[in-house]
Amino acid sequence: MQADGWLRTTPLAVFFFLGRTVKGLVSNFANVAASAAGLLILIKQHVLIAAAGVGVGLVALVAVALLRYWFFQYRVDEDGVLIRQGLLKKTQLDMRFDRIQGISTEQSLLYRLLGLVTVRFTTAGAAGDEGRLPAVTPEFVARLRQRVDAKPAPQVESSAGETEVLKLGGGDVTRIGLTDPRVLQFALLGTALMPAFGNVFEEAFERAADLATRSLAVLADLGPLRATLTVVTLFGAIMLVLLLGSVVVAFLRYHDYELRQEGTAFRASSGLLTRKDVTVEVGKVQQLSVRQGLVMGWMQRHRIQALPASGGPAVGEMPDDAQKLVVPIAGARTVENLRERVFGSEGRRVSVLPRDNRFAPVSPYAVWPPVLWVGVAPAVVASAVITTMLGSTGLACLGWILVVAIVACQRWRRRGYLHDDDVLVCRSGFLGYRVEALLFRKVQQVSVSQSPLQRRRDLAALHVHLATGSVTLAYIEHATAKRLCDYILYKAASSRLAWH
């Protein structure tokens, strides 16, 4: 302990700061892609220079991690936790115990072997973690939790004791990997970025194509079918590799996932190499979000997020899922069970299942704005310009109107809402569904607006603002929007329960 009461964590915290430095560098995929392309070209031309550059880069990363550790100090006093960090730009975080909403932990494989954890503090004013203490003992975390729990508990209904809400097995984790929409996104992004890597990927692709062509030589007499099968085979192989990689990532992140309710708090833990533990107080959940993608819809599964209050990224931190209570995959029964646990006696007459037939549709006039401004206007302009230059070929641009109309109609069919005396549920989506549920008494601001088209049809949009963001319910009847606005304001002003 230093004379002024400031402490440093164990030297093993260097690994934490090294990981944060690397994560900050690789967060920008474009920079990584450009650097990798340049390094590959340099290796082919000057191997020694490339090796020296890599060595200097690694030394610089370690030096930065050491400096970040040395200038990182913390202090725990009677009122809260203070964290001081930074070399050139010094910052100090002052987190009072009565502002801390939750304490979560993370254990890398090294820390698990050494019995250390990284503690993460969640407050009402940050979208990411407001502060972290790396390489501390579980006993230290337990003492911090006792100090945080000593403040007055929120007035919410809860089950006594400890209850297991959900536990995922290997089959569930495999489904998480198979339903991850980022698989297709990475496939498309990788195809788009291939030119940035120069001749390296071109040569590899030519070799793969040549191998596939030779392996399908028996189909030489089939004509165009041969080329089609080659393309399909290559695409299928790429997708298979991406799916296997997605499943591996899912096991690394969600292996042995367990969600429990301990008194007035939810606690989720998961991870194969790095074990993460997230704690969120039930009364501090501002919004319940349920998503169901196309593939998840086929499997009749959902993804759930319980969002506590947030204001913006913390100083020096990147937004992540540390504050969110994430249920990566769940059936309909678990979704409704979690809704009952979050909202308690409030909202018992609503549902957050996206396919519930009680959702009221919005006006079909919601289709017109995107058709007019995204479909008709660009298509007419493009058609006129191209027709002037190339003749009647430009008329093909008018087909864009049909595409936009189909998309707009599909999005309108997905939109809907329902509510009772305490909860509003809004549904949206295109191929899948997204459902947002919120308590009236936790709303911070609500307003009603009308576009020119909405005024002509006596329609309006209801804008509801919470500590987690905003939810808009557009193209409903103006009288309904005004009635909901007034009632939400009344519920928020008259409630005696804490909103966070």
Side-chain angles (χ1 to χ4, degrees), residues 98-99 101 123-125 152-158 264 280-290 304-311 325 335-336 338-354 356 358-363 365-366 415-428 434-451 454-455 457-500:
D98 57 2
R99 289 187 63 245
Q101 292 198 346
T123 69
Q155 302 177 29
V156 296
E157 299 178 15
S158 64
T264 61
V280 174
E281 287 284 342
V282 179
K284 295 169 183 174
V285 175
Q286 307 293 305
Q287 186 176 341
L288 196 63
S289 176
V290 180
I304 313 170
Q305 290 183 345
L307 310 178
S310 60
L325 178 67
V335 173
E336 289 297 284
L338 194 59
R339 175 190 60 80
E340 294 175 359
R341 292 177 179 273
V342 171
F343 294 151
S345 60
E346 300 172 295
R348 288 183 176 176
R349 290 182 292 166
V350 300
S351 172
V352 293
L353 292 174
D356 193 288
R358 290 177 292 172
F359 278 94
V362 301
S363 171
Y365 286 101
R415 295 167 73 172
Y417 70 99
L418 60 89
H419 67 87
D420 63 0
D421 295 336
D422 301 293
V423 175
L424 173 66
V425 185
C426 299
R427 185 182 69 184
S428 61
R434 178 172 179 173
V435 176
E436 306 291 345
L438 55 96
L439 285 168
F440 291 152
R441 63 178 175 84
K442 296 194 176 186
V443 171
Q444 295 187 335
Q445 182 181 350
V446 59
S447 60
V448 175
S449 66
Q450 286 183 297
S451 67
Q454 290 172 339
R455 278 196 298 270
R457 300 297 176 180
D458 199 26
L459 302 172
L462 180 71
H463 308 279
V464 182
H465 302 273
L466 303 101
T468 52
S470 61
V471 176
T472 298
L473 178 58
Y475 289 93
I476 61 176
E477 293 183 1
H478 185 222
T480 301
K482 288 291 293 181
R483 186 174 65 252
L484 277 174
C485 178
D486 295 339
Y487 185 72
I488 292 173
L489 289 173
Y490 163 74
K491 293 291 288 187
S494 61
S495 176
R496 297 181 179 230
L497 300 176
W499 65 272
H500 66 84

Heavy-atom closest pair, residues [X] and [Y]:
| X | Y | value |
| --- | --- | --- |
| Ala460 | Val448 | CB-CG1, 3.7 Å |
| Leu473 | Val362 | CD1-CG1, 4.2 Å |
| Gln444 | Leu466 | OE1-C, 4.0 Å |
| Gln287 | Glu436 | NE2-OE1, 2.5 Å |
| Asp420 | Gly347 | OD2-CA, 3.1 Å |
| Ala306 | Pro308 | O-CD, 3.4 Å |

_Please enumerate all residues that pass side-chain contact (heavy atoms from CB on, under 4.5 Å) together with Glu336, with sequence neighbours excluded._
Arg339, Ser351, Val352, Leu353
Starting at [atom1] of [X], measure out to [atom2] of [Y] and round the result to the nearest 0.5 Å.
| X | Y | atom1 | atom2 | result |
| --- | --- | --- | --- | --- |
| Asp458 | His478 | CG | NE2 | 7.0 Å |
| Leu325 | Ser289 | CG | OG | 12.0 Å |
| Leu438 | Ser470 | CG | OG | 11.0 Å |
| Ser428 | Arg434 | OG | CZ | 6.5 Å |
| Gln286 | Leu307 | CD | CG | 9.0 Å |
| Leu484 | Ile476 | CG | CD1 | 5.5 Å |

_Aromatic plane relationship, Tyr487 with Phe440 - under 30° parallel, 30 to 60° tilted, over 60° perpendicular_ = perpendicular
*Under the side chain to side chain donor-acceptor pair (under 3.5 Å) test, residues paired with Ser449 that sit two or more places apart*: His463
*For the pair Lys491 (side chain) and Val423 (backbone), establish whether a donor and an acceptor sit closer than 3.5 Å, ignoring hydrogens and angles.*
no
*asked:* Using the rule side chain to side chain contact (heavy atoms under 4.5 Å, CB included), only one of Val471, Leu489, Val464 pairs with Val443; which is it?
replied: Val464
*Would you please test Phe343 and Leu288 for side-chain contact (heavy atoms from CB on, under 4.5 Å) and show each step?*
CA-CA 9 Å; Phe343 294 151; Leu288 196 63; 4.1 Å; yes
Quick check: do [X] and [Y] have side-chain heavy atoms less than 4.5 Å from each other?
| X | Y | result |
| --- | --- | --- |
| Val425 | Phe359 | yes |
| Leu462 | Tyr417 | no |
| Thr480 | Arg483 | yes |

Any residue meeting salt bridge (charged side-chain N to carboxylate O under 4.0 Å, His left out) with [X], in chain and number order, not counting sequence neighbours:
| X | answer |
| --- | --- |
| Arg427 | none |
| Arg358 | Asp356 |
| Glu477 | none |
| Arg349 | Asp421 |

*asked:* Any salt bridge linking Arg441 with Asp422? Criterion: basic side-chain nitrogen under 4.0 Å from a carboxylate oxygen.
replied: no
